[in-house]
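Heavy-atom basis, side chains included; hydrogens, waters and symmetry copies ignored.
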Amino acid sequence: MIRNIQLRVPLKEVSLEGILLKKAAQYLGESEQNLVIKVLRKSIDARKPTIYFNYKVTVYIGEQSREEDQYSFTYKDVSKAKPIHIIGFGPAGMWAALRCLELGFKPIVLERGKNVQDRRRDLKAINRDHIVGEDSNYCFGEGGAGTYSDGKLYTRSLKRGDVRRVFESLVHHGATPQILIDAHPHIGTNKLPKIVQNIRETILKYGGEVHFESRVTDLLIKDNVVKAIQLLDGRELPTERIILATGHSARDIFYLLHKKNIGLQAKSFAMGVRVEHPQHIIDGIQYHCNGARNEHLPAASYSLVQQVKERGVYSFCMCPGGFIVPAATANGEVVVNGMSPSKRNSVYANSGIVVEINVDRDIRKYEHFGVLKGLEYQKDLERLAFTAGGRCQTAPAQRLTDFVEGNFSTVLNPTSYQPGLKSAPLHSLLPKIIGSRLRAGFAAFGQKMKGYYTEEANIVGVESRTSSPINIPRKENLEHPQIQGLFPCGEGGGYAGGIISAAMDGERCAEAAAQGL
């Protein structure tokens with residue numbers, strides 16, 4: 001017999017050997033010797049001083065557990081099959097390519113950046129020498145922005161595709177099976193590159209193609225039908241289907257589509273700063289402790305939201321035990337992002353704190369840019385950060401309390417941000433629609449989390465790449481309404497907001513592109 005049950009274990013008992021088996025036996029009134037347990041889900045409830053671990057488990061009564069995956073991935077030899085061209089090799093592009101293998105079509109991936117190993121040198125150049133490679137950086141290259149990232153897999157996009165299928169695909173390519181269990185699964189920036197490389201090797205093994213340093217400069221279209229792809233090196237590739245999975249930072253693609261009068265739409269987005277606390281402060285708040293956190297507890301995270309002047313102010317991409325990284329994609333701009341290694345063992349915790357920007361009401365001075373107004377607004381804020389930081393990848397920063405109270409920070413706190421920080425009056429430099437709301441938001445967060453509002457925290461500017469400021473429209477069949485054979489996909493199209501949602505959208509676009517081929 002098989003039963004699914006919920007078990008609740010206090011922190012002090014978590015380390016006891018066989019505690020789940022004992023709890024299950026008590027719950028079911030069975031002998032421990034007669035039970036086998038498989039954990040399905042695990043979460044932590046730290047809302048009160050007594051912390052509990054919650055488990056959803058399958059209990060096998062009088063029989064052995066069944067170690068069966070829900071999915072199998074059957075990839076076909078597509079070396080001689082019809083091609084589908086995929087522009088971009090981030091999560092959307094990767095899972096579009098994998099789905100093509102299952103459907104029997106040949107994915108031909110064109111990635112502007114370098115492979116995952118060669119990309120490391122360009123990341124060092126940003127951190128150490130303040131040189132931004134425009135085709136190889138924290139956003140562009142094999143695996144996209146998802147490779148050298150936190151690897152958080154939490155998504156609310158449960159209606160857009162099969163989340164479990166993407167998780168099992170990650171495990172199939174080398175991710176820890178723990179992601180199938182944790183309520184807030186996470187892989188880690190140190191583990192992601194190998195998984196991304198394994199995905200590439202699967203694509204190549206079954207006859208697909210992946211071309212690095214292959215920047216797309218034009219789409220050749222005749223009678224509103226895609227005909228070919230033009231590359232920077234002069235190559236021209238005939239095509240019938242293009243999955244456009246270039247990510248939210250491929251601004252040249254937005255400019256290209258706009259120049260060719262291919263329909264785009266301005267889209268609301270969010271911008272703000274990164275806030276960085278010592279991790280022990282966040283642990284103390286969330287776990288109700290004064291000293292070091294219990295060894296069985298992970299580095300604590302948080303999620304915050306506050307309405308300020310009819311706009312949401314909220315935490316974004318919170319990275320416990322992590323570090324802040326430079327995410328610019330061109331020289332002359334400063335952009336910050338956050339990530340964590342798998343062990344989340346940095347002494348810092350950081351999170352984006354951003355303000356909703358209503359693209360129709362909040363940036364009217366940019367109306368003359370038309371559908372590109374949000375993009376131009378982003379660029380201006382990034383150039384402002386570049387100037388305030390000293391015209392290099394050093395980022396402008398301020399103590400949290402000084403920012404809220406309107407004071408210049410004569411001294412900044414230590415930071416994880418390798419290019420370094422420069423004290424700047426962000427309270428007066430940021431546009432009022434962002435800065436005033438951030439100041440009110442931080443004050444409110446300090447009331448919600450006692451100890452969060454502290455002079456030991458820095459804010460670092462700017463967090464501007466939360467999502468695409470442009471939507472590339474598509475019909476119900478996921479094809480662009482104007483251009484036959486063009487399938488906008490993932491974050492760059494405005495259809496995803498993270499690794500899992502982008503991967504699911506990539507699969508859907510592959511299925512759509514395969515129709516009629």
Side-chain angles (χ1 to χ4, degrees), residues 87-88 90 92 112 132 134-135 137 139-140 144-145 215-221 224 226 229-230 232 242-272 311 327-335 337 354-387 430-434 461-475 479-483 486-497 502 505:
I87 305 177
R112 70 194 300 160
V132 180
E134 295 194 3
D135 285 329
N137 45 58
C139 291
F140 299 148
R215 181 173 178 173
V216 172
T217 56
D218 201 3
L219 303 179
L220 305 183
I221 298 168
N224 291 331
V226 295
I229 298 168
Q230 185 81 45
L232 183 63
I242 298 173
I243 296 175
L244 192 63
T246 48
H248 59 46
S249 291
R251 290 169 170 169
D252 57 321
I253 295 296
F254 296 136
Y255 286 125
L256 170 65
L257 298 180
H258 189 56
K259 181 180 177 181
K260 298 179 79 68
N261 294 315
I262 296 174
L264 302 173
Q265 298 169 348
K267 172 179 158 294
S268 295
F269 54 104
M271 299 176 73
R311 296 290 180 275
T329 52
N331 290 297
E333 63 190 32
V334 165
V335 181
N337 194 7
V354 296
V355 178
E356 290 178 333
I357 305 295
N358 185 308
V359 76
D360 296 318
R361 294 174 56 189
D362 293 339
I363 53 174
R364 301 198 176 185
K365 291 181 180 179
Y366 290 76
E367 285 296 334
H368 61 286
F369 289 110
V371 295
L372 301 178
K373 56 190 173 183
L375 189 156
E376 297 298 334
Y377 186 74
Q378 271 186 341
K379 288 172 64 176
D380 276 357
L381 199 62
E382 293 164 7
R383 284 192 285 253
L384 171 70
F386 179 75
T387 302
L430 290 173
K432 188 175 180 180
I433 60 170
I434 295 175
V462 292
E463 170 80 63
S464 55
R465 307 283 179 95
T466 59
S467 64
S468 173
I470 291 172
N471 170 249
I472 308 175
R474 63 191 188 189
K475 298 182 293 186
E479 192 174 40
H480 192 280
Q482 180 185 345
I483 306 299
L486 180 64
F487 295 84
C489 183
E491 290 200 29
Y495 300 103
D505 201 57

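Minimum heavy-atom separation, Ser467 to Ser268: OG-O, 4.5 Å. Of all non-hydrogen atoms in Ile243 and Cys489, the two that sit nearest each other are CG2-CB, 3.8 Å. Nearest heavy atoms, Gly263 versus Gln482: N-OE1, 2.9 Å. The minimum heavy-atom distance linking Gly374 with Pro469 is given by the pair C-CB, 3.7 Å. Among all heavy-atom pairs drawn from Asn137 and Cys139, the shortest one is OD1-N, 2.8 Å. Residues Ala92 and Ala245 share a closest heavy-atom pair of CB-CB, 3.9 Å.
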Let's go through Ile357 and Ile433 carefully: what are the C-alpha distance in whole Å and the side-chain angles of both, what is the deciding distance for side chain to side chain contact (heavy atoms under 4.5 Å, CB included) to 0.1 Å, and is it a yes or a no?
CA-CA 8 Å; Ile357 305 295; Ile433 60 170; 4.2 Å; yes
Evaluate Leu256 against Asp218 for side chain to side chain contact (heavy atoms under 4.5 Å, CB included), listing each step before the verdict.
CA-CA 7 Å; Leu256 170 65; Asp218 201 3; 3.6 Å; yes
Verify side chain to side chain contact (heavy atoms under 4.5 Å, CB included) between Met271 and Val355, making sure each step is shown before the conclusion.
CA-CA 5 Å; Met271 299 176 73; Val355 178; over 6 Å; no
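Here the side chains of Ile470 and Gln265 are not in contact, with every heavy-atom distance at 4.5 Å or above. Looking at heavy atoms from C-beta onward, Arg311 lies in side-chain contact with Asp362 at the 4.5 angstrom threshold. The closest side-chain heavy-atom distance from His248 to Phe269 is not below 4.5 Å. Within the 4.5 Å cutoff, the side chain of Lys379 has no heavy atoms near those of the Glu333 side chain. Contact of the Arg112 side chain with the Asp252 side chain is registered, since non-hydrogen atoms from C-beta on lie closer than 4.5 Å. Using a 4.5 Å cut-off on side-chain heavy atoms (C-beta onward), Tyr366 and Val359 make no contact. Between Leu486 and Ile472 there is no side-chain heavy-atom pair separated by less than 4.5 Å. Within the 4.5 Å cutoff, the side chain of Ile242 has heavy atoms near those of the Ile87 side chain.
Distance CD1/Ile253 to NE2/His258: 14.5 Å, rounded to 0.5 Å. Atom-to-atom distance recorded for Lys267:NZ and Lys373:NZ is 13.5 Å, nearest 0.5 angstrom. Atoms CD1 and CZ, on Ile363 and Arg361 in that order, are 13.0 Å from each other to the nearest 0.5 Å. A distance of 13.0 Å separates CZ in Phe254 from CD1 in Ile262, rounded to the nearest 0.5 Å. Rounded to the nearest 0.5 angstrom, His480 NE2 and Lys475 NZ are separated by 10.0 Å.
Evaluated for a side chain to side chain contact (heavy atoms under 4.5 Å, CB included) with Ile483, the options Ile221, Leu219, Leu257 yield exactly one hit, Ile221.
Every side-chain hydrogen bond (donor to acceptor under 3.5 Å, both in side chains) that Asn471 has, sequence neighbours left out, goes to Tyr495. Residues meeting the side-chain hydrogen bond (donor to acceptor under 3.5 Å, both in side chains) test with Glu376, sequence neighbours left out: Tyr255. Evaluation of the side-chain contact (heavy atoms from CB on, under 4.5 Å) rule for Leu384 yields Leu381, Leu429 as partners, not counting sequence neighbours.
Applying the 6.0 Å contact sphere to NZ of Lys365 captures no more than 12 heavy atoms from other residues, nucleotides or ligands.
Residues Arg251 and Thr329 bring no donor and acceptor atom of their side chains to less than 3.5 Å of each other.
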